[in-house]
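Quick caveat: nothing in here was measured; it's all calculated off a predicted structure. Both counts, for ligands and for their atoms, begin at 1 and track the order of listing. For the numbers below, each heavy atom of this structure counts, side chains included, while hydrogens, waters and symmetry mates do not.
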Amino acid sequence: MLLLAFVPLLHSLLALAAVTPRDSAVLAGPIGPDCVDGAKHGGEARGTNVTFADVPTYYAEPSEPSSNVILFFSDIYSPFYVNNQLLQDYFAGEGYHVLGIDYFFGDPIQAHDGEPGFNQAAWIEKSRKQAAESLPKWIEAVQEKYGPEAKYTAVGYCFGGPYALEISATDKVVAGAFAHPSGLTEDHFQNLTSRSTYPLLIIASENDGAFPTASRNRAVDILAAKKAKYHVQVFSGVSHGFATRADLSDENAVWAKDQSARGVVEWFNRFST
Ligand SMILES: *[C@@H]1O[C@H](CO)[C@@H](O)[C@H](O)[C@H]1NC(C)=O
Ligand SMILES: *[C@@H]1O[C@H](CO)[C@@H](O)[C@H](O)[C@H]1NC(C)=O
């Protein structure tokens, strides 16, 4: 019995070890129940299925010709989940080509809903591995299509947070953003600020077990010490997952979700023109 009780703990520790170098403090914890909780939204997605470097991708087309591109790194529900499709459609409506990489390759978390004996830790490890393997070639293929003149930005939610941050530490994007991340270390921020002009938007909730206030403050301390360009949004009365899976019957939750999406657009507009 005692051993069994330790199994979930062991799984979380293993998941953490898979994404965390030993020498860098954890700022956002591994995928947990908070990353699964939330409401499903309703609506008609307007985007299409495309492929870049053999990786399935959701594509939302801007309403007008544009040379601005948002790379969208989704939560564990994948870019093909209706909530994420509607969010990507919103960004497209604001004038961006939006490309959501499906690093789950058609196997998002909801495919295992209610599955007896589902090993979530193993699924996360597999998904992290797929993401690490597919992202470099996917980004290269996207940038080949839209060309060197396009302005690229990246936004990540939860599982996708680290990828938004990692690409923000390179010359490949002009700005980055992430909301309620999981799987971040201090290194992610140290790496980012080595390019001190590179702007980062942090979208956070007051109550977030995965990215608690102390970690958020630590991240800001690192950014400030490096004189990075950053902006932090903190929403009260919501928790991890609010930007993609808000309860639509809760006025405060809907406001936070919508305002965080507007925040991303305004942040990217500033650096994309
Ligand atoms: C697009 O891909 C998603 C994820 O693989 C799939 O669920 C959906 O049915 C596809 N849609 C079309 C129109 O092929
Ligand atoms: C930080 O940058 C170093 C050097 O490029 C790299 O090896 C490391 O993986 C990066 N860490 C993170 C968390 O991105």
Side-chain angles (χ1 to χ4, degrees), residues 15-31 40-61 71-89 92 98-113 123 126-136 138-139 154 156 158-173 176-178 181-196 198 200 202 210-211 215 218-219 222-223 225-226 228 244:
L16 193 61
V19 294
T20 308
R22 278 178 204 290
D23 56 354
S24 182
V26 172
L27 290 186
I31 299 288
K40 183 172 184 175
H41 300 162
E44 198 66 43
R46 293 193 304 266
T48 53
N49 288 14
V50 297
T51 299
F52 283 94
D54 297 326
V55 187
T57 303
Y58 183 76
Y59 171 52
E61 195 177 357
L71 308 175
F72 184 93
F73 303 132
S74 79
D75 62 16
I76 54 177
Y77 285 85
S78 103
F80 291 106
Y81 188 55
V82 64
N83 298 25
N84 291 327
Q85 289 177 319
L86 296 176
L87 180 56
Q88 291 170 93
D89 290 354
V98 185
L99 295 154
I101 177 173
D102 183 14
Y103 28 50
F104 305 105
F105 289 85
D107 182 32
I109 191 76
Q110 65 273 28
H112 303 280
D113 204 13
W123 176 85
K126 178 199 79 160
S127 302
R128 287 275 181 219
K129 192 160 168 280
Q130 286 171 182
E133 281 168 7
S134 60
L135 267 163
W138 182 84
I139 290 164
C158 185
F159 181 95
Y163 309 119
L165 227 60
E166 282 161 22
I167 195 172
S168 296
T170 73
D171 284 324
K172 297 183 200 307
V173 297
F178 67 78
S182 66
L184 293 185
T185 65
E186 288 198 1
D187 256 7
H188 281 106
F189 294 90
Q190 298 285 6
N191 280 6
L192 177 93
T193 57
S194 63
R195 290 166 76 241
S196 61
Y198 287 14
L200 177 68
I202 297 178
F211 188 49
S215 294
R218 175 69 188 132
I222 296 172
L223 296 170
K226 301 282 179 120
T244 50

Pull out every atom of ligand 2 sitting under 4.0 Å from any heavy atom of E166, numbered as shown with elements.
14 (O)
For N83 and H41 the tightest heavy-atom approach is OD1-N, 2.8 Å
Taking N or O atoms only and a 3.5 Å limit, does T185 qualify as a polar contact for ligand 2?
no
Taking side chain to side chain donor-acceptor pair (under 3.5 Å) as the criterion, tell me which of D89, D75, T244 meets it with N84.
D75
For A92 and V98, work out which heavy atoms get closest and say how close.
N-CG2, 3.6 Å
Polar side-chain atom of Y103 near backbone of L135 as donor-acceptor pair, under 3.5 Å:
no
Need the ligand 2 atom indices (1-based, order shown) with element for anything under 4.0 Å from a heavy-atom of H188.
13 (C), 14 (O)
S24 side chain to D187 backbone, donor-acceptor under 3.5 Å
yes
Please could you name the atoms of ligand 2 that D187 approaches to less than 4.0 Å, counting only its heavy atoms?
13 (C)
Around ligand 1, what residues show up once you keep those with a heavy atom under 4.0 Å from it?
N49, F80
Please report the shortest heavy-atom distance between D102 and G106, naming the atom on each side.
OD2-N, 2.8 Å
Ignoring hydrogens and angles, tell me if any N or O in the side chain of H112 forms a donor-acceptor pair with the backbone of I109 under 3.5 Å.
no
The single option from F104, Y77, Y81, F73 that satisfies ring-ring contact (aromatic ring centres under 6.0 Å, His included) with F159 is F104
